[in-house]
Amino acid sequence: MIGRLIGRKRIDVPCTVEISNTFDSLGAHVRFSDGTIVHPGDEVVVHGAPVAVPYGEVREFKRTATITRASLLERAFVKATGDLELMELCEFSFSGRGTV
């Protein structure tokens, strides 16, 4: 039981990385080939050489990813503080001028 509270487990899984570099979309997505699910607090490292996708293209790459599972304490901490960290991404602006 103590191992689950503070221990971390690593697993290697095959994955597909889809990188989009178009006018409508710029992003990267990872899909695990075996249906593995990532939970709050887990860390994912995708292995392989860096890639560059030219503008206007979408490409997929087969890779292996290492998932380090969060312990029960880490997962509880991430769930408890996640909303606070999200608020750091927000930008608020207040102006002293009135709107006419």
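Everything numeric here is computed off the predicted structure, so don't read it as measured data.
- A heavy-atom distance below 4.5 Å is found between the side chains of Arg69 and Asp42.
- For the atom pair OG1 (Thr16) and CZ (Phe32), the distance works out to 10.5 Å, reported to the nearest 0.5 Å.
- Contact check for Phe61 versus Val46: no side-chain heavy atoms found under the 4.5 Å cut-off.
- Side chain of Arg63 to backbone of Ala49: a donor-acceptor contact under 3.5 angstrom is found.
- Put simply, the side chain of Glu43 does not reach to within 4.5 Å of the side chain of Val45, judged on heavy atoms.
- For Thr36, the side chain to side chain donor-acceptor pair (under 3.5 Å) partners two or more places apart in sequence, or in a different chain, are Asp34.
- Both Ile11 and Val44 are part of a single hydrophobic cluster, where members link through side-chain heavy atoms under 4.5 Å apart.
- With Glu57 contributing its side chain and Pro54 its backbone, the two residues share no donor-acceptor pair below 3.5 Å.
- Side chain of Ser20 to main chain of Ser25: a donor-acceptor pair is present (N/O by atom type, distance under 3.5 Å, no hydrogens or angles).
- Ile19 and Leu26 fall into different hydrophobic clusters, where Ile, Leu, Val, Met, Phe, Trp and Tyr are joined by side-chain heavy atoms under 4.5 Å apart, directly or via other members.
- Two different hydrophobic clusters hold Val38 and Phe77 under the rule that ILVMFWY side chains link at heavy-atom gaps under 4.5 Å.
- Residues Val51 and Val30 share a single hydrophobic cluster, defined by chaining ILVMFWY side chains whose heavy atoms lie under 4.5 Å apart.
- Here the side chain of Arg75 pairs a donor or acceptor atom with the backbone of Pro40 at under 3.5 angstrom.
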